Every structure is written in structure tokens, then in C-alpha cells.
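Reading through the C-alpha cells given below for one structure.
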Amino acid sequence: MTVQEKTNKYIAGTYGRFPVTIVKGKGAAAYDENGKKYIDMGSGIGVNIFGYCDDEWISAVTQQLNTLQHTSNLYYTKPGAELAQVLCEKSGLQKCFFANSGAEANECSIKTARKYSLDKYNDENRNIIVSLKQSFHGRTLATLKATGQDVFHSTFGPFPEGFVYTEADNYDAFVDLCSKNTNICAVIMEMIQGEGGVIALNKIFVKKVYEFCQKHDILVIIDEVQTGNGRTGKMYAYQNYDILPDIVSTAKGVAGGLPMGVCLFGEKTKDTLTPGSHGSTFGMNPVIAAGALNIVNRIDDSLLQDVLKKSDYIKSRLESCKNVISVSGMGLMLGIETTKDSKEIVNECIKNGVLPLTAKNKIRLLPPLNISEDELKTAMDIITEVIDR
Ligand SMILES: *Cc1c(COP(=O)(O)O)cnc(C)c1O
């Protein structure tokens, strides 16, 4: 049996896979079993921030792997402590909790917001979380329910309760919802709705919601699972919005290709979680934390400037395409609306050696942040040619 046959026979069919078997990679280049090269414009869905098998990252990970691969959270370890300090300094928040995925980081956000509210108001009903329509927050039962798309709210019920939904960029609707429901403890938002179509929230909307929430002690949770870690040209996307959230979750890119989720807490929530209130066996794994420390330390101003420069280059290449309707997103998280079917475009790109993603009806680009100018040019030559074909 081939790898593809074996996969289809023995692995649950939760994914519609493209007919490509990736065997290795270096930088932005992935190779299939026949040695065919692809330029990866998706980074494993925004995970491989520095591409495949980055040398510095490998060295940080393997050094730790040869020293201490795991111990329990009953003891102290250095990589997690150092990583936490850097994440707090870069985010402006105060403490963190380490989980293993985006959905788990969001679960932690939800638990923390509710505990903060219960501790402070001693009111069992003040536990409602506002989420935006078209959002995506994960695949666990609670994060599916936190996802503001009806299609995710079937099949697996009963779901945890306590989520209400409001339209993105409609401040009046948000205020109206909050005035009708006095039990709201938090709002959760992605600054750029990724799975929802790479749609950046309006800056005035975000600022007004933030100010309203501060006034009413409603916690602001920002889901930076996809937008975080330099993706938008800032360390975190909320730094483009002039707000300081109460809780931030991130995952995907943070450890450069190893599974990690992080929940960060601000001044209000930094002491909400107490011994026994939350935990994770693999959370803060030292090997993954060492990899993440290497990654986040390298997301500096010069890299972020470079992200913006590459973003401008991609946009300028798309401007001249006759079949492009619009380009959305920020930094190296871009959505391309075209006159064609996005899946067909992706299939054609794959045939020509480029791996883009889709989001709803758009082409979604999440290339590694350090993709070379040459590779980016080659990828854009192919993508623009396929779009306009
Ligand atoms: C991918 C994603 C998640 C879920 O992350 P997992 O690691 O797959 O659990 C949650 N929120 C956003 C915004 C995402 O893009």
C-alpha cells in the first residue's frame, strides 16, 4: 500500500487531503516522495514560522531533547520559565499557562474568564461569553460552541452553554446585546478572522468594544492562535489595535512546528487560576518550550519589518491580476478573493509546485515569515498565473 492508501484505510477520515505526500522540507520548500519541490505558502497552517527544519531551532530543540525531555508540572524547569518571561515582556501581559493546542488555550481562556467573574461577583449566572459571528475558536466541545458559526453547533451536542453571538464590526449590536444580558463576563475575538475568511476587524469597533468592556468589567479575550507570533507584522495582532487584552491565547506558530498552546493573563486575571483549578500533563514540555523560546526571541523588529515588506510585495503582485476581486488581512496572513473557485486554484497551484491554503471562498496565504525573496517571487509568479489563467 502507498502512504496515501494506508492513510485512507487506517486513519479516521476527518480531513479532505490534497494528493501530496510530503516527506521532507527545508525553509519554505517541501518535497514529496518523488523529489518534487513545492514552495509552502501555508506553513502547516501558520505553524512553521521559520519554515521547515530551521537550523537554529533544531539546535535549541535537540539540545534540550538530550538534556531533559519531560518532567511533570510538580517540579520547576528552566525552558518554560524563560519562555514565560519573554512572552509576558513581548505581550505586555503578566503571567501564562501552557497548554498543547489552540483549542486548549481557548478552553483555558474560557475557564479563567468565568472563574474571575465568579470569584469577584459570587454570581453563578455571570458566566456568558460574547463571541463574534464568523469566528473560529477550536474543535473541543466548548470551543466549538464559542465558534460563532452555526455549522459547528450540530451533531455533537449537548454543548456547554453560555455563549452568545454578535456581528463583527457592529458596535451598536454589541452594546444592545450587553444591555439585554447582564450576565456577560467576557468577549472573545480574533483580530483577523482566519478560518472565517481572513477578515480583519475594524479598528474603531475593537477600540470601542474594548473601552465598553473596561467600563463594565467584561474581560477582553483575544484569540491570537493564528494571528500571533509575528504573523501580522506585530508580535500579536492586538498590538495593531492599541488595546491591552485581559486574556490572550496563542498556539500555531509559537513553537515553530511543535505542539504548544499558551494562555496569557493580564493584571486582572493573573492570579485567577490557583493550584488545582487547571492543569495539563504535557503543558510546558521542556523540549517544546526550548523550541518556542528560540522562535519568540527571533521575532524582533527587523523580522517584523520584513514581514510587512513581504506583505506589500504580495499585495502589489495581486493588484495587477484581472481575476482578483479583493485582498484582505495583514502582514503575512492574507486572503485573496477571486472570480474563480478557490479549491480549483489551489489544486492548480499544487500541480505547479506551490502550496496555498483556502479560507471559505478565498485563497489564504500564511507563508513562513522568513521565506526568501526569490521563493516568494517564484510562488507569486505561479499563484498570479494560475489566478489569471
Ligand atoms: C487554528 C485555530 C484554533 C484551534 O487551534 P488548534 O491548535 O487546532 O486546537 C483556534 N482559534 C483560531 C483563531 C485558530 O486559527
Side-chain angles (χ1 to χ4, degrees), residues 12 14-17 42-49 97-113 129-149 151-153 156 160 163 165 168 186-201 206 220-232 234-238 240-241 245 247-264 280 282-283 285 288 291-292 295 328-335 357-360 362 364-367:
T14 53
Y15 306 102
R17 296 179 207 269
S43 321
I45 315 193
V47 169
N48 299 331
I49 286 278
F97 175 84
F98 291 107
N100 314 284
S101 67
E104 275 184 59
N106 283 333
E107 287 274 340
C108 180
S109 307
I110 293 163
K111 286 178 73 173
T112 304
I129 295 174
V130 179
S131 158
L132 300 183
K133 290 180 185 167
Q134 295 304 312
S135 60
F136 180 80
H137 298 298
R139 296 282 188 170
T140 61
L141 286 170
T143 57
L144 276 176
K145 198 66 200 284
T147 292
Q149 304 185 48
V151 290
F152 290 102
H153 302 162
F156 305 112
F163 295 93
Y165 311 95
V187 54
I188 184 166
M189 304 187 273
E190 298 155 89
M191 297 289 87
I192 304 175
Q193 297 188 323
E195 306 302 315
V198 199
I199 299 163
L201 295 186
V206 171
V220 173
I221 305 170
I222 304 299
D223 179 343
E224 294 268 359
V225 172
Q226 192 164 155
T227 51
N229 312 298
R231 183 57 56 196
T232 68
K234 299 269 187 194
M235 178 67 184
Y236 298 102
Y238 66 78
N240 295 298
Y241 284 81
I247 301 175
V248 171
S249 56
T250 192
K252 291 197 166 87
V254 66
L258 291 171
M260 171 176 273
V262 188
C263 191
L264 287 145
S280 166
F282 283 116
N285 172 275
I288 301 179
I295 295 290
S328 61
M330 281 182 204
L332 290 176
M333 177 172 182
L334 296 169
L357 300 166
T358 60
K360 301 273 186 245
K362 293 183 182 174
R364 176 173 38 156
L365 301 182
L366 299 170

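Numbering of ligands and ligand atoms starts at 1, following listing order. No experiment lies behind these values; they were computed from the predicted model shown.
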Please answer whether the main-chain N or O of [Y] pairs with a side-chain N or O of [X] as donor and acceptor at a distance below 3.5 Å.
X	Y	answer
Arg139	Leu144	no
Thr227	Ile192	no
Gln193	Lys133	yes

Quick one: closest heavy-atom pair of [X] and [Y], and the distance?
X	Y	result
Gly197	Ser328	O-OG, 3.8 Å
Ser43	Arg231	OG-NH2, 3.8 Å
Glu104	Ser280	OE1-OG, 4.2 Å

Q) What does the list of residues with a heavy atom under 4.0 Å from ligand 1 look like, ordered by chain and number? A)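 If the criterion is a heavy atom under 4.0 Å, then ligand 1 touches Ser101, Gly102, Ala103, Asn106, Phe136, His137, Gly138, Glu190, Asp223, Val225, Gln226, Lys252.
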